Structures are given as structure tokens and as C-alpha cells.
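For reference, the structure is listed below as C-alpha cells.
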Amino acid sequence: MEKKIYLDNAATTRTRPEVVEAMLPYFSEMFGNPSSIYEFAMQNKKAIDDARSIIAKAIGAETNEIYFTGSGTEADNWALIATAEAFENKGKHIITSKIEHHAVLHTCEYLQKKRGFEVTYIDVDEFGCVKLDQLEKAIRPDTILISIMFANNEIGTIQPIKEIGQIAKKHNIIFHTDAVQAFCQVDIDVNELGVDLLSASAHKVNGPKGIGFLYIRKGVRIGSFIHGGAQERGRRAGTENVPYIVGFGKAVEIAMANMKERTKKETELRDYLIKRILAEVPYTRLNGHRTKRLPNNANFSFQFIEGESLLIMLDMNNICASSGSACTSGSLDPSHVLLAIGLPHEIAHGSLRLTLNDEITYEDIDYTVEKIKEIVYKLRQMSPLYED
Amino acid sequence: MEKKIYLDNAATTRTRPEVVEAMLPYFSEMFGNPSSIYEFAMQNKKAIDDARSIIAKAIGAETNEIYFTGSGTEADNWALIATAEAFENKGKHIITSKIEHHAVLHTCEYLQKKRGFEVTYIDVDEFGCVKLDQLEKAIRPDTILISIMFANNEIGTIQPIKEIGQIAKKHNIIFHTDAVQAFCQVDIDVNELGVDLLSASAHKVNGPKGIGFLYIRKGVRIGSFIHGGAQERGRRAGTENVPYIVGFGKAVEIAMANMKERTKKETELRDYLIKRILAEVPYTRLNGHRTKRLPNNANFSFQFIEGESLLIMLDMNNICASSGSACTSGSLDPSHVLLAIGLPHEIAHGSLRLTLNDEITYEDIDYTVEKIKEIVYKLRQMSPLYED
Amino acid sequence: MYTKKVMDHFTNPRNMGEIENPSGVGTVGNAKCGDIMRMYLDIDDNGVIRDVKFKTFGCGAAVATSSMATELIKGKTIEEALKVTNKAVMEALDGLPPVKVHCSLLAEEAIHAALWDYAEKKGIKIEGLRKPKSDIHEDEEEDKQDY
Amino acid sequence: MYTKKVMDHFTNPRNMGEIENPSGVGTVGNAKCGDIMRMYLDIDDNGVIRDVKFKTFGCGAAVATSSMATELIKGKTIEEALKVTNKAVMEALDGLPPVKVHCSLLAEEAIHAALWDYAEKKGIKIEGLRKPKSDIHEDEEEDKQDY
Ligand SMILES: Cc1ncc(COP(=O)(O)O)c(C=O)c1O
Ligand SMILES: Cc1ncc(COP(=O)(O)O)c(C=O)c1O
Ligand code: FES
Ligand code: FES
């Protein structure tokens, strides 16, 4: 196999060999059920607690405020549905944004259609920043939850979380943030930011796919989402995924240790990539905010061409990239995020997301830019929208 | 570390080295998100489909009737909650049994308390068999779901699933079975049995912890439980846990291939164990049905002694066992299953579950029996209930 | 996801481009995905399609089906061209993923639109040709769960 | 889950057994878990606990706290024995897991029950001793989530 240039780290990341190493003993050796009483299994309980405390520290939380889930999506569902159930007597209104991940948007839809909730979807400006004035005006006496993502998965825009936290606090409303993309990429301190609930996922930080966590601030009394055994202090049932919990802990330990250096390097590369693409490919725009963006995210729209064709041709040149989010690639609709920042339909269609990791080199970027130039040129020749 | 005799295979099992082997390439090499469009990730889609078809075959289902979940518990929650939501216009009554796993019981409680459902809990006889006449009488015009476990996790009793399937069909009611303990231990054919929904979990069949599946019969139109991306054909959101799905497939492939031979061996060992314990330890009873029981399950009550003390002493002798189910070991209540088969409180307290695997030898069983005899004797000496 | 033939037609599209002063030209859009296809025909006096070119703004399947469709109608009579359905195009490409079936309709409709334009210019009526909609859409999938 | 001291007292319980013709005997049950403890006292004429034995049907913590409690009151006066609280027993054992705190109440109550029996037999009143309930229970946990 030729060398792949993997530029889709927002979709998922490579599980680090050190993480795999850390998980391995828990499959066939220390395989006990952590809820069991014998010593053999109790060591696993400790392994879980160690991982939990590493993760808690990474967001400035207490260890017992972290609850492991089966994915970032589950954490989002839990936060929204359990908060809705806990506070529906107080009110049935939720505020979120138009650019949330489907894990939040489709859960909101569920709450609307099946559970009688009302949801207000706040607009974003052309850079993808949530409109704070609109958000505050949307608050009603029956608003029980504000859910705004920390950073967007498509265009990388980082939201004014602290300000939103203050608004939520002022109005005594629970504040949830989907930090799946921001976790270990930007500094997060739940107390400083005033966040009550926070979701994250391991596979975006070089951990395994299929494990996430929900941070629940002590005192925020929401129920369970998955009901059953007494795991996770009675709040999330199901035999604990010991290997993945250990692996998640290890991944976060590494990601937090190298965060400063890594994000600095990624930011430089990102800016180099953005600069070259905008300078060398005509009829191209950068989507998202120029500086308030994830260190590893670049997102472009190339006028007159369509995303899938571009992706396939990049793939044939060993470059892995995406247009919208991976989990909606089965869909034909243009990205709801790009429409929300005001792009017309055809331009939204021609978008490309490149998300870096710290193994990407300037050489890789140079190669990628050259290929993009070639392919965009070729596709424009083919396009009925392009007149040269 | 001395040799452990692991007799708690109903709590969880060792992940087979072959399973770990099968999963490994999907962590750090083929790590792509299966929803992505490039070739590098598409191979993972195929890996998932292969595992899905192995599993479908194991229960006589179609490949596209299998949906992966983050645990057996999630599968149970999904089956109950989504069926409740899909059919609440038809009725809000559910029938289940008194000896279900907490994944079902606590979800029923949730549906009662939070969602306005009524639940009838059917009794079992002294052997733990669900009372069919009571079940059929409990059916009302607004009954929308019958959920009866395939085999009980504590006492191993196998339920008359086919008969229940016929009753459900006759009354046009959805039939769910929690087959977490039965899967790969007894023959299952969803069509022959008339099962509409079936839950299972990998970590009970030498696969990893933190993955399960829900079988949904084609045409049974229930919604999602976890909302978000379009994974699992739009029915279960969250980036696919590719390594565990592959591992689950491998574990099932092996377990189905050796099922006949394995269960034969386990049944023989189990019967030898039961025979010796009943013959050699006075004031002891076997819980569960003598023959309609899981091949690897033995469950005893030793009068006058308490379970935890027994377990700790077995542990000190390198024997891993449990009294109730592992996930409730944090609880002090006596097992709801043992109370349901009519044991008085103190006797229910002195119960011991030994669950075998195919690596257990006659020697292990002999050693275990000797230790049990010693420890039971010692604890009885200590007991205010025992007069010798 | 795509067959070898689709990939071949996608990467080396046949008949891509424009025809100056075409006998007929038609542009159609796909309401479902927003993609657009334009088809140019050069038709001789015997009603034979002497040349055909296309331009497509669309997915891989759209490009490949345009390419294959042009191959299938080139040198054919109008009557023969009318018989080239999206199913025929898909078969010639060894199939499309279920979610991409609708893309192949784009090619069929673009041919019809170009023929309609030709007929209007010529002031003739072509047997069996209905006025194409500018936006096409397929019937809803029967079972959303099945892809 | 248990400390070394708990395990020591559990595996080698001190003062396990019965006293024939005890000065007082008390049996208490734990409503929470169904466990049972019986305490036998041999008290001399000066009100000193000369000997103490116990029998317990209960968890590891119940056995260990019975054992430790007997150690703490053996040779002590009745007044001193009354001061041995479940907290003192737990401390002497280097602590118990939160979910097991209630088990230690069993030992405290069993001592009280045996002393009550002694006082009734003797027809005396012991300062500060209330009639023990046959079933004890702790106050509900403050925050179920915290264990
Ligand atoms: C009968 C039964 N149902 C459900 C479960 C839950 O499965 P999981 O641990 O995968 O959530 C178990 C075991 O834990 C079980 O034995
Ligand atoms: C912002 C955001 N939220 C939620 C998710 C869902 O996480 P997971 O794939 O772990 O379910 C993702 C990525 O898939 C994401 O980018
Ligand atoms: S998705 Fe638009 S034509 Fe294929
Ligand atoms: S659990 Fe009953 S005394 Fe400890």
C-alpha cells in the first residue's frame, strides 16, 4: 500500500499504539467484571477509576463527575433526554444552534416529535459563531436547557462557551456543550466556563471508537439514559468496557501532555495550508472563522464543483478527506452547517474539509495542495456551471 | 499469581486471544471511519458487514436485521423503549417476568414512572419457569410488548420461548427476548421461535465488553434509541466500534463452531458438580430447573450462611464465583430471582452461582467442591441460625 | 462503493465537453441533491446522433452515468436513443449503490431534454417524448431502512 | 474492597462462639440486608465484661465488626462498653466501604441488646441504654450517587 495522507482526523483518528498497548492486558488476562467481588476483578475497578481521574483532570472536573458512555453520541443523547425528563415539570423549551452535530440535532427532533418539547435553533453568523444576542433573547421562563457545541466538526469554529455559560447561569438554565471536537484540542475548564454537562468521545483523540463520556456537574440531578445494573454509580448501566476506558485514559494522558506543542504545530500547518489554497485556487473561500477555529481544521468551498467527485479523486491520489461530517456521508443533502453560514446550495456542495494531526508534514501539505489544484481544475472543466 | 479457577462466566468471560488478534488491525492500521467515502475506510464497512452476517446466521436472521449496540443493556433498553414509543398509540401495557435482568426491569420501571406505561410482572414456578397460563391471561387489548428472557442469568433456567412466541403471535403482540445468557449456549432460530426482537452481548461469549446487538425482525417498525448520525442504516447513531464488531463476529464464529462439543462438556461437568454438592453438603438446594438450564450454570443455596462471606473465602482460595448477578453486587437486597422462585430471605442470602467454561476441568471442580465443603462448614459454625 | 466500470467512466469520462451550435441542448437538475447535467446533441438529417457531449456538476455516479449514456446513444437514431433508460445505463456500468440510483435518472432526463430542445428548434414532434421537467426526482424509496 | 484489618478479623474472627448461661444475650437483625448478629456477654459482679462471644450471619463487614467490637469491649466496664460506637469499631478496622457502613451498626446494636437483656435479668437500669430495636436501620444515604 502506498503512503496515505490521512486528512480526516475530525472523522476519526488512529488509535495510538501506546493506547492499544495499555488496553491489551484487559482483554484476555485481567478480564474480570469490575462489579464482581473477588480481587481478580477489583483491580479493574481501580483501572477504571484511574482513567476517570485522568479525564476529570483534563477538564477541571472532579473524578466522580465523569461517567463513561458507549460513544460521544450516547453522551449527547443522555445529556439532552435526561435533562428534558428531569426538568419537564419546570418547562419544555430547549435552546440549541443550527450547526450542532446530528447527535444533538436529531435528539432535539426526537424531543420535539415524541416528547412534546419546543426547540429554538439559534443562527450563526457568516463565520459560524452562535449569535449571542439572539440566544439570550430566545430564553423563556420555560427554558430548561441550552446546548451549544464547543467547536464545530465541519468548519472548526470555536464558540463563545464562557459567555454562553454566563448567560445560562444568569437565567438559571442547565448548559450542555458537545465538546467532542474540542476536547484535548483547546483548553477546557468546566468551572471557569460554567458548563454543567459536557460530552466527549475517545476516537477523536487517538483513543478507540465506541467510548465517550458525559461530565455531569455535581448537583445537576438528571436521571439515567441507559437503565439496568448499578454501574457508573447507578447512572449508566451495562458492564464496563474496561479496555476502552483504560485506553481512553491513556489517550487523554498523552493528548494533554503534548497538547501545547501539538496544537501549535497543527495551527502553523493549518495556516500554511489555508494560505496556499486561497492564494492558488481561484473561486475558493475558507469556511469558518479565521482564528477562532480548531487548530487542525481547514474547510474550503470550491465554486462550480461538487464534493463527492473531489473526494474520490483525492482518494485516488491517496489523500483521505471529507466534505461534510462522515456520519452523514450517506446523505445527499448539502451540509446544514454550510447552509447555516449562508452558503448557497451549489457552493455548499463543493466543500472540502481537511483535518490534520501532528504526524502531517509540510511535504504532505504541499503534495495535497498540488493535487487539489489539479483536481479542481479538471472538475471545473467538466462543470456546466463554470465558464472560463 | 497462583492459578485462578474462574467460575463466573455468566458475569463475563475471557476475551479469546483469537478475538483480540482479529480486532488488533482495526485500531492503529485500518482505523478509518466506516462512513467515510475513501477506500481506506470502506474496507471497514465490509469488515462490519462480515461480522453482521456471521451473527445473523447464528440466530437464523437476515444480515440486515442485526444492529450493533454498545452493550446488551443498551439492546434491552432500545427494544423496550423504542417499542413503547412506536406503539403507545395502540396501548401502554407491557408484560414481562419477575426474574428479568435489571436491564429489562429497570427500563420497565422507567417506562412506568416516566412514560405512563403499565407493566405486568409474571410469576415463575419454583424452578424459575415463567407461568404461561398467567402470561396469556395477562394479555389485554392494550398490550403492545411481551419481554421474557431466554435464559436466566442467575439460576440458568431456560424459558419456553417458542410457546411464548406463539402466544405473542396469536395476540399480535411484539415479542422481545433478552438472550444475553442464551446466545451461543442454546440453539436459537428467531423464525422458528417467533421472536421479533432479541438482545445479546459479546462479553458473555468470549468477546469484548461494551458491544451487543439487537435483532429487529424486518417489518417491526420501531425507531431509534440513540439518535444522531446515519450509522446502522439510520437506526443506531454513533461512529461504529469497528474493532469490537469484528471481535464480536470472530467470537461468535468460534462459539458457534464449537457449541455442540463445548456445551456437551459443560453439561457433564455441571451435572457432576451439582451431584457432588448436593450429596456432600447438607442443607443445600439447587436453584433453577434440573434439566431446562444453561449448560454452564449451577446455583446453590446453603442454608444458614450468607453469600458475601462465602464468596470472599472462595476468593481467598483462588476461586472466582458470585452470588447474584455481578452488576447488582453493589446492592444489599437479596436476589429478586431467588425471591421469585419462593426462597425465604435468609436462604436466598446464602446462594452461590458457579458458571463454567470449557477450560474448566474435573480437577478444578473437585478442588472447588472440597473448598466449598470446608468454607460452608466454617461459616455455619459462625452462624447464629445454625444449631448442630 | 462504485464498480470498476463506474470508476473508469468517472476518471476518464467519454464525450465530456461542449458542442458549438448543437442541434439540441438540455440541462436538468436533480431536486434531490442539487446536481446538474447538461447534454449537447449533434443530430444529422437522418435523425442519427452524430455527436454528443456533456457537462456535469455532480457526484461520481452522475459523471459516470453521463459518460456511459453518451456512449450508448452516440451513432444511434433518436428512436433508439429514447430507449436508453437509466436502468440500461446502470446495467452497462455493472450497477450503482442503492443510494445512487437516482443519479442515473439525471442522464436519462438530460438526453430527453436535449431531444426536446432539438424538436422545438426543428418544429417537429418526437413520438414518445414528454416534456422533461427541469427538476427531476425519483419516487421515494420504499423502505428508508434498506440502505 | 476491604482493608487488611477487616480481612484479618473476617478470616480469623476473635471471640466467635457461644457462652453457656451468659449474663446477657442479644440478637439483632439488619432490616436493610437481612443479616443477623447474636452477642453473648459474661459480666462479673463489678460490672466488668469478663467474656464476650458472637455469632454472625452476615457479610464480611458484619463478621469483622462483630469480631472487632468484641475485642473492644472485652475486659471493659458496662459504661465503657456503651461508649463503643460503630464509628469506633470502623476506625479500629481502618474503615469500611461506604456501602458497608450500616453493617457496623449491627455490632453496636448487638452489644446494646445483650446489655439490655442483662439489665432485665438483673432487674437493673443501665444509664444511657435505650431498648434496642430488633431490626435496626441506618438513616438513608444522603446522596445515593456517591457510592
Ligand atoms: C440476562 C442479561 N441481560 C442483560 C445483561 C447486560 O449485558 P451488558 O453487560 O452487555 O450490558 C446481562 C449481563 O450483564 C445479562 O446476564
Ligand atoms: C461534534 C460531534 N459530536 C458528536 C459526535 C459523535 O461522536 P461519536 O462518534 O463518538 O458517537 C461527533 C463525531 O462523530 C462530533 O464531531
Ligand atoms: S448525488 Fe447528485 S447526482 Fe448523484
Ligand atoms: S451487608 Fe448485611 S451486614 Fe453487611
Side-chain angles (χ1 to χ4, degrees), chain A residues 4 8 11-17 20 24 27-28 31-33 35-41 70-74 76-77 85 101-103 106-107 110 114 203 208-211 226-231 237-244 308 311-312 315 320 322 325-331, chain B residues 4 8 11-17 20 24 27-28 31-33 35-41 70-74 76-77 85 101-103 106-107 110 114 203 208-211 226-231 237-244 308 311-312 315 320 322 325-331:
Chain A
K4 290 270 173 210
D8 204 10
T12 195
T13 60
R14 177 168 180 247
T15 306
R16 270 182 205 283
V20 177
L24 270 183
F27 287 114
S28 304
F31 62 82
N33 188 321
S35 302
S36 299
I37 198 170
Y38 32 82
E39 280 301 315
F40 170 60
S71 63
T73 299
E74 185 195 321
D76 284 338
N77 275 252
E85 288 176 351
H101 190 269
H102 283 148
H106 287 167
T107 305
Y110 161 80
K114 286 270 174 190
H203 74 98
K209 297 176 207 354
I211 180 150
I226 297 188
H227 311 276
Q231 292 91 352
T239 302
E240 296 91 338
N241 187 343
V242 185
Y244 275 20
E308 191 198 284
L311 294 184
I312 297 177
D315 185 23
C320 298
S322 75
S325 59
C327 55
T328 50
S329 66
S331 148
Chain B
K4 290 269 172 211
D8 203 11
T12 195
T13 58
R14 176 167 182 248
T15 306
R16 270 182 206 283
V20 177
L24 270 182
F27 287 113
S28 304
F31 61 82
N33 188 320
S35 302
S36 298
I37 198 169
Y38 32 82
E39 279 302 314
F40 170 60
S71 61
T73 299
E74 185 194 321
D76 284 338
N77 275 253
E85 288 176 350
H101 190 269
H102 283 149
H106 287 167
T107 304
Y110 160 80
K114 287 270 175 190
H203 74 98
K209 297 175 207 353
I211 180 149
I226 297 188
H227 311 276
Q231 293 90 355
T239 302
E240 296 91 338
N241 187 344
V242 184
Y244 275 20
E308 191 199 285
L311 294 183
I312 297 177
D315 187 21
C320 297
S322 76
S325 60
C327 56
T328 51
S329 66
S331 149

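Residue numbering restarts at 1 for every chain, and letters A, B, ... go by the order of the sequence lines. Below, each value reflects all heavy atoms present in this structure, side chains not excepted, and no hydrogens, waters or symmetry copies. None of these values were measured; they are calculated from a predicted model.
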Counting heavy-atom pairs under 4.5 Å with chain A, which one of Thr107(B), Ile312(B), Val242(B) comes out on top? Thr107(B)

Between OG1 of Thr73(B) and NE2 of His101(B), what distance do you get to the nearest 0.5 Å? 6.0 Å

Applying a strict 4.5 Å limit to non-hydrogen atoms, the region of Tyr110(B) in contact with chain A is side chain

Assert top hit (heavy-atom pairs under 4.5 Å, partner chain A, pool Thr15(B), Ile211(B), Thr13(B)) equals Thr15(B)

Which residues share a side-chain contact (heavy atoms from CB on, under 4.5 Å) with Asn241(A), sequence neighbours left out: Pro243(A), Tyr244(A), Tyr244(B)

Gln231(A) and Ile226(A): CA distance, side-chain angles, deciding distance, side-chain contact (heavy atoms from CB on, under 4.5 Å) verdict: CA-CA 10 Å; Gln231(A) 292 91 352; Ile226(A) 297 188; over 6 Å; no

Asn33(B) versus Glu240(B): any side-chain heavy-atom pair under 4.5 Å? yes

Note: vs chain A, highest number of non-hydrogen pairs under 4.5 angstrom among Pro208(B), Ala103(B), Gly72(B) is Ala103(B)

Can you tell me how far the NE2 atom of His203(B) sits from the NZ atom of Lys209(B), to the nearest 0.5 Å? 6.5 Å

For chain A, which of Glu85(B), Glu74(B), Glu39(B), Arg16(B) has the most heavy-atom pairs under 4.5 Å? Glu85(B)

Under a 4.5 Å cut-off applied to non-hydrogen side-chain atoms, are Asp8(B) and Ser36(A) in contact? yes

I'd like to know which of Thr12(B), Val20(B), Asn77(B) tops the heavy-atom pair count under 4.5 Å against chain A. Asn77(B)

Report which part of Leu24(B) has an atom under 4.5 Å of a heavy atom belonging to chain A: side chain, backbone, both, or neither. side chain

